Peer 1: 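Below is a structure I'd like to ask you about.
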Amino acid sequence: MTFQHNPAPSRNTLVQDEENFHSGTARYAGLPVSWRRLIVLCLNVGTILMMGVLVYSLLSPTTLFGPETIILIGFFLATPWTVLGFWNAVIGLLLLHGPGNPARSVYPFYADGAQSRPHTLKSRTALIVFLRNEDPRPVFERLDAIWKSMRSTGFDHHFQVFCLSDTSDQNIAQHEEHAFRTFADLVEQQGNNRPIYRRRLVNTGYKAGNVEDFLREYGGDYDFFLPLDSDSVMSGDVVVKLVAAMEQHPEIGILQTLVVGMPATSGFARMFQFGMRHGMRSFTMGSAWWNADCGAYWGHNALIRTEAFLTHCRLPVLPGSPPLGGHVLSHDQLEAAFMRRGGYEVRVLPIETRSYEANPPTLIEFARRDLRWCQGNMQYWRFLFAPGLEPVSRFQILQAILMYMAPPAWIAMTFAATWKGITSGFAPVYMELGFWLFISIFLLSISPKIAGAIDVVFTRGAMRSYGGPLRFTLSVLVEVITSMLMAPIIAVYITIFLFGLLFGRSVTWSGQNRDQLGVSLATAVKAMAVQTIIGITLAVIVFRAGGLVATLWALPFIGGLCVAVPFTMATASEWFGRLSTRLGLFAIPEESHMPRVLSRIVPDDARRWRRPIVRKANEWPQVSKNEQTAGGQ
């Protein structure tokens with residue numbers, strides 16, 4: 001659902017936008033891109049230096065290898081990523097509610113509204129879905145919803161569905177092939193081209209390798225391709241508009257949509273995607289304002305120009321063995337950088353356009369996904385000085401690396417502060433400094449969510465779509481508290497994994513749990529034992545050396561570590577999911593007004609605080625409660 005943030009443009013403006021859209025040249029209003037980037041650079045450097053000077057004056061390091069120096073270095077490693085997020089959010093909020101028109105200054109290539117519906121399409125597009133050792137039933141339910149939505153546009157003959165499988169489990173593969181045949185028969189009976197299924201026996205290059213194999217065999221037949229993860233859902237109307245925009249603007253190589261979470265029955269997924277939902281709008285708008293033609297690509301729910309991708313985006317095989325050598329795991333950011341190097345623009349559409357995904361149902365699954373991205377991003381250092389890259393692309397690659405260097409820097413700051421307390425006594429000034437450092441970095445990290453909450457408050461009708469003022473306010477408060485508990489848990493998780501990379505530890509690329517709820521005590525203890533030990537150890541040290549007051553100052557950090565096991569189990573439990581859906585806690589706009597593309601795949605239990613959806617018995621098969629999936633399917 002897209003909220004109207006600015007006064008409606010005049011009829012003359014709409015006519016001008018329509019002419020610009022169909023002219024094939026996007027005309028951007030506002031400041032030139034070079035000025036935008038200079039402003040963002042000055043804001044970030046100035047903020048980091050100002051905070052650094054303040055921390056240095058408080059620490060007053062007297063030796064090169066003392067705890068004060070470690071805290072200072074850790075601060076400068078942990079801060080840039082969060083400061084950039086803060087300014088992206090602030091800029092985005094000003095664009096959304098200021099006097100300007102972001103539709104003309106940020107995304108004039110996409111004319112939203114009734115006037116942007118194309119009359120004809122000239123191109124062919126491949127919709128490609130990736131499968132890897134997952135329950136195929138919910139995947140094909142989502143794919144069926146996408147295709148029904150595509151047919152409703154009347155442009156379905158311009159699209160062809162491909163299912164690209166890297167499934168290695170033979171039992172899952174049999175169910176996968178059966179589910180595909182059922183779906184393909186239905187599509188063929190409707191008069192469309194039969195979807196194509198292909199399963200590789202060897203998953204060379206993982207997802208990126210699968211794309212390369214597909215394009216080598218079929219790419220010449222399609223102008224564009226749209227990669228979809230197995231949990232992706234997109235409205236057919238949105239896909240058609242993206243294709244029309246790419247047809248009219250041949251300078252764009254990748255057009256990435258803003259992807260949001262679907263209604264879910266998992267309490268953890270609801271909590272996570274609620275915070276991401278309102279936080280991503282301002283953050284993405286702000287980053288798109290200055291990233292401009294060097295936008296991000298997230299690997300799915302994006303339209304890609306096939307010939308340009310084939311020519312410019314092939315990934316090299318890195319020298320050495322995994323985890324830091326071999327095939328690149330996190331392919332998307334590099335493909336965006338290579339596309340821009342090839343002379344094509346990479347644009348992000350920073351508005352909600354009915355483009356969805358499902359989020360991990362448990363904290364453990366969330367952490368596992370994060371570790372896959374972490375290992376892939378650590379491979380990026382080899383590309384920092386790759387020839388021909390745009391300066392912004394190099395910065396984005398560096399940013400992707402530093403994003404995962406911040407957690408260990410944070411942990412180092414904490415241990416150094418404890419060391420300082422043990423050797424010099426827990427002076428109140430240092431405890432207060434540690435507390436405010438944690439709070440400052442944490443607040444900076446959640447500033448997009450704060451800006452998003454402000455955006456909702458000042459957007460007419462938005463708070464009602466989130467369940468009303470009471471539900472929205474309570475959800476924001478609970479989500480902020482749980483984010484504070486999660487932050488040190490994930491920081492330790494990433495730090496341990498990064499140390500493991502140095503000794504050859506690597507993630508495995510396999511199926512993901514997108515639906516199953518519940519985490520046993522044994523599983524939670526195994527996953528969170530190190531966090532718990534660190535938390536309890538720090539708590540004992542701080543209490544014995546500094547007393548109750550020092551422990552209270554340290555509580556924002558050590559509290560999350562100490563409760564890592566029960567927190568993991570509680571947020572993954574069925575009762576937490578039932579409670580949050582019954583109360584409407586962490587409700588998102590689709591729960592108030594269900595889009596048609598989601599109505600067949602989102603179970604009633606994901607919106608129990610609303611009246612059940614009225615479904616006709618002959619419209620589609622009923623699904624029993626035991627068969628309903630738990631991840632917003």
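Remember, predicted model here, so these are calculated numbers, not experimental data.
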Peer 1: Over all heavy atoms of both residues, which pair between Ile397 and Ala337 is shortest? Give the atoms and the distance, please.
Peer 2: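 The answer is CD1-CB, 4.4 Å.
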Peer 1: Begin from the C-alpha positions of Val238 and Val240 and carry the test side-chain contact (heavy atoms from CB on, under 4.5 Å) through to its verdict.
Peer 2: CA-CA 5 Å; Val238 171; Val240 167; over 6 Å; no
Peer 1: Under the side-chain contact (heavy atoms from CB on, under 4.5 Å) criterion, do Glu251 and Tyr344 qualify, and how do the steps go?
Peer 2: CA-CA 5 Å; Glu251 72 276 10; Tyr344 289 87; over 6 Å; no
Peer 1: Do Thr306 and Ile304 come close enough that some side-chain heavy atom pair is under 4.5 Å?
Peer 2: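 Answer no - side chains too far apart.
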Peer 1: Distance-only, no hydrogens or angles: does the Gln531 side chain make a donor-acceptor pair with backbone N or O of Pro488 under 3.5 Å?
Peer 2: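 No; zero donor-acceptor contacts below 3.5 Å.
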Peer 1: Using modelled atom types and a 3.5 Å cut-off, is there a donor and acceptor pairing between side-chain atoms of Gln399 and backbone atoms of Pro80?
Peer 2: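 Judged by distance alone, no pair lies under 3.5 Å.
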Peer 1: For a salt bridge (Lys or Arg N to Asp or Glu O under 4.0 Å) with Asp293, tell me which candidate from Arg37, Arg341, Arg347 qualifies.
Peer 2: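 Checked Arg37, Arg341, Arg347 against Asp293; only one passes salt bridge (Lys or Arg N to Asp or Glu O under 4.0 Å): Arg37.
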Peer 1: Shortest non-hydrogen contact from Pro595 to Glu590?
Peer 2: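 Closest approach of Pro595 to Glu590: CD-CG, 3.6 Å.
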Peer 1: For the residue pair Tyr28 and Phe109, does the interplanar ring angle fall in the parallel (under 30°), tilted (30 to 60°) or perpendicular (over 60°) class?
Peer 2: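 Rings of Tyr28 and Phe109: tilted, as their planes differ by 30° to 60°.
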Peer 1: If we count only N and O atoms by modelled type, under 3.5 Å, do the side chains of Trp290 and Asn88 hold a donor and an acceptor together?
Peer 2: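 Their side chains do contain a donor-acceptor pair, which is all the 3.5 Å distance test asks for.
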Peer 1: Is Ser165 reaching over with its side chain to a backbone N or O of Arg199, donor-acceptor style, under 3.5 angstrom?
Peer 2: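 Such a contact is absent between Ser165 side chain and Arg199 backbone.
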Peer 1: Which atom pair, heavy atoms only, marks the closest approach of Pro448 to Gly85?
Peer 2: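 Reported closest heavy-atom pair: CG-O, 3.8 Å.
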Peer 1: From Phe499 CZ over to Ile494 CD1, what is the distance, rounded to the nearest 0.5 angstrom?
Peer 2: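 The CD1 atom of Ile494 is 13.5 Å from CZ of Phe499, to the nearest 0.5 Å.
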Peer 1: Check whether any side-chain heavy atom of Glu357 sits under 4.5 Å from a side-chain heavy atom of Asp229, and report yes or no.
Peer 2: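 No; the side chains remain at least 4.5 Å from each other.
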Peer 1: Tell me if the CE atom of Met276 is crowded by more than 12 foreign heavy atoms within 6.0 Å.
Peer 2: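 No, because the 6.0 Å sphere around CE of Met276 holds 12 heavy atoms or fewer from other groups.
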Peer 1: Taking Thr153 for its side chain and Phe155 for its backbone only, find out whether a donor-acceptor pair lies under 3.5 Å.
Peer 2: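 Yes, because the side chain of Thr153 sits within donor-acceptor range (under 3.5 Å) of the backbone of Phe155.
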Peer 1: Hey, is the main chain of Ala308 close enough, under 3.5 Å, to the side chain of Thr311 for a donor-acceptor pair?
Peer 2: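 Checked: no pair found.
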Peer 1: When Phe395 is tested against each of Leu41, Leu84, Leu389 for side-chain contact (heavy atoms from CB on, under 4.5 Å), which residue passes?
Peer 2: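 Among Leu41, Leu84, Leu389, the one that satisfies the side-chain contact (heavy atoms from CB on, under 4.5 Å) with Phe395 is Leu84.
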Peer 1: Quick one: do Ile489 and Met528 satisfy side-chain contact (heavy atoms from CB on, under 4.5 Å)? Show the steps, please.
Peer 2: CA-CA 8 Å; Ile489 296 174; Met528 300 296 170; 3.7 Å; yes
Peer 1: Ion pair present between Glu212 and Arg216, side-chain N to carboxylate O less than 4.0 angstrom?
Peer 2: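 The answer is yes: the pair qualifies as a salt bridge.
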Peer 1: Assess, by modelled atom type and distance only, whether the side chains of Lys449 and Ser483 contain a donor and an acceptor separated by less than 3.5 Å.
Peer 2: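 A donor-acceptor contact under 3.5 Å links the two side chains.
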Peer 1: Please test Lys122 against Asp223 for salt bridge (Lys or Arg N to Asp or Glu O under 4.0 Å), starting from the C-alpha separation and ending with a verdict.
Peer 2: CA-CA 9 Å; Lys122 299 175 292 184; Asp223 301 278; over 6 Å; no
Peer 1: Could you tell me whether the side chain of Gln333 and the main chain of Asn377 form a donor-acceptor pair under 3.5 Å?
Peer 2: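 No: the side chain of Gln333 does not pair with the backbone of Asn377.
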Peer 1: First locate atom CE of Met339, then atom NE2 of His312, and finally report the distance between them rounded to the nearest 0.5 Å.
Peer 2: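 That separation rounds to 7.5 Å.
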Peer 1: Look at the aromatic rings of Phe162 and Tyr222 and report parallel, tilted or perpendicular, splitting at 30° and 60°.
Peer 2: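 Geometry flag for Tyr222 against Phe162: perpendicular rings.
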Peer 1: Do Leu242 and Tyr110 make a side-chain contact, defined as non-hydrogen atoms from C-beta onward lying under 4.5 Å apart?
Peer 2: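 SC-SC contact between Leu242 and Tyr110 confirmed.
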Peer 1: Between the side chains of Glu335 and Arg314, is the shortest nitrogen-to-carboxylate-oxygen separation below 4.0 Å, so that they form an ion pair?
Peer 2: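 Not counted as a salt bridge, because no side-chain N and carboxylate O are separated by less than 4.0 Å.
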Peer 1: Do the side chain of Thr82 and the main chain of Ser445 share a donor and acceptor less than 3.5 angstrom apart?
Peer 2: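 Absent.
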Peer 1: Gly325 and Gln379: which non-hydrogen atoms are nearest, and at how many Å?
Peer 2: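 For Gly325 and Gln379, the tightest heavy-atom pair comes out as O-NE2, 3.4 Å.
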Peer 1: Is there a donor-acceptor contact under 3.5 Å from the side chain of Thr167 to the main chain of Asn133?
Peer 2: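 The answer is yes, because a donor-acceptor pair under 3.5 Å joins these two groups.
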Peer 1: Should Arg281 and Glu352 count as an ion pair when the cut-off is N to O under 4.0 Å?
Peer 2: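 So Arg281 pairs with Glu352 through a salt bridge.
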Peer 1: Verify side-chain contact (heavy atoms from CB on, under 4.5 Å) between Phe159 and Leu127, making sure each step is shown before the conclusion.
Peer 2: CA-CA 7 Å; Phe159 297 87; Leu127 305 178; 4.1 Å; yes
Peer 1: Taking atom types as modelled and ignoring hydrogens, do the side chains of Asp370 and Tyr404 form a donor-acceptor contact shorter than 3.5 angstrom?
Peer 2: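 Tyr404 and Asp370 do have a side-chain donor-acceptor pair below 3.5 Å.
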Peer 1: Give a yes/no verdict on a cation-pi contact between Arg369 and Phe366, requiring under 6.0 Å between NZ or CZ and the six-membered ring centre and an angle within 45° of the axis.
Peer 2: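 Judged by the rule (NZ or CZ under 6.0 Å from the ring centre, within 45° of its axis), Arg369 is not positioned above Phe366.
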Peer 1: Could you tell me whether Glu141 and Arg137 have a side-chain N and a carboxylate O separated by less than 4.0 Å?
Peer 2: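 Looking at Arg137 together with Glu141, the answer is yes, because their closest N to O distance falls below 4.0 Å.
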Peer 1: Look at the aromatic rings of His278 and Phe274 and report parallel, tilted or perpendicular, splitting at 30° and 60°.
Peer 2: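 If you compare the ring of His278 with that of Phe274, the planes turn out perpendicular.
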Peer 1: Applying ring pair (Phe, Tyr, Trp, His ring centres under 6.0 Å) as the test, list every pair that has at least one member in residues 167-186; sequence neighbours left out.
Peer 2: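 For residues 167-186: Phe180-Tyr197.
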Peer 1: Please identify which of these residues, Arg132, Lys207, Arg200, meets the side-chain hydrogen bond (donor to acceptor under 3.5 Å, both in side chains) condition with Asp166.
Peer 2: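 Result for side-chain hydrogen bond (donor to acceptor under 3.5 Å, both in side chains) with Asp166: Arg200.
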Peer 1: Strictly by modelled atom types, are Asn301 and Ser232 linked by a side-chain donor-acceptor pair under 3.5 Å?
Peer 2: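 Indeed, the side chains of Asn301 and Ser232 share at least one donor-acceptor pair under 3.5 Å.
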Peer 1: For the atom pair SG (Cys163) and CZ (Phe214), what is the distance rounded to the nearest 0.5 Å?
Peer 2: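 Going from SG on Cys163 over to CZ on Phe214, the span is 11.0 Å.
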Peer 1: Kindly indicate, with the supporting measurements, whether the criterion side-chain hydrogen bond (donor to acceptor under 3.5 Å, both in side chains) is fulfilled by Asn192 and Asp156.
Peer 2: CA-CA 8 Å; Asn192 297 104; Asp156 46 298; 2.5 Å; yes
Peer 1: Do Tyr380 and Leu384 come within less than 4.5 Å of each other through their side chains, counting heavy atoms only?
Peer 2: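 Side-chain contact under 4.5 Å: no.
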Peer 1: Test Glu345 against Arg305 for salt bridge (Lys or Arg N to Asp or Glu O under 4.0 Å), laying out the working first.
Peer 2: CA-CA 11 Å; Glu345 296 181 357; Arg305 196 173 299 276; over 6 Å; no
Peer 1: Nearest 0.5 angstrom please: Glu177 CD to Thr182 OG1, how far?
Peer 2: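 Going from the CD atom of Glu177 to the OG1 atom of Thr182 covers 12.0 Å.
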Peer 1: Give a yes or no on whether the backbone of Ile172 and the side-chain of Asp169 come within a donor-acceptor separation of less than 3.5 Å.
Peer 2: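 Yes, Asp169 side chain to Ile172 backbone: donor-acceptor pair under 3.5 Å.
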Peer 1: Kindly indicate whether the side chain of Tyr356, heavy atoms from C-beta on, has any atom under 4.5 Å from the side chain of Leu598.
Peer 2: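 Sidechains of Leu598 and Tyr356: in contact.
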Peer 1: Could you measure the distance from the CH2 atom of Trp410 to the CD1 atom of Ile490? Nearest 0.5 Å is fine.
Peer 2: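 Here the rounded value is 10.5 Å.
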Peer 1: Should His158 and Leu121 count as side-chain neighbours, where that means a heavy-atom distance under 4.5 Å?
Peer 2: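 Yes, close enough: below the 4.5 Å cut-off.
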Peer 1: Check whether any side-chain heavy atom of Glu247 lies under 4.5 Å from a side-chain heavy atom of Phe224, and answer yes or no.
Peer 2: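 The answer is yes; the side chains approach within 4.5 Å.
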Peer 1: Using a strict threshold of under 4.0 Å (side-chain N to carboxylate O), is an ion pair present between Asp237 and Arg354?
Peer 2: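 Yes.
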Peer 1: Between atom CG of Leu226 and atom CD1 of Ile128, what is the distance when rounded to the nearest 0.5 Å?
Peer 2: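 The CG atom of Leu226 sits 8.0 Å away from the CD1 atom of Ile128.
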Peer 1: How about Tyr218 and Phe225: are their ring centroids closer than 6.0 Å?
Peer 2: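 Between Phe225 and Tyr218, which both carry aromatic rings, the centre distance is not below 6.0 Å.
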Peer 1: Is the shortest heavy-atom distance from the side chain of Val328 to the side chain of Phe383 under 4.5 Å?
Peer 2: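 Yes; the side chains approach each other to less than 4.5 Å.
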Peer 1: Looking at Met262, is its backbone amide N or carbonyl O close enough to the side chain of Gln273 to form a donor-acceptor pair, meaning the two atoms are under 3.5 Å apart?
Peer 2: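 Between the backbone of Met262 and the side chain of Gln273 there is a qualifying donor-acceptor contact (under 3.5 Å).
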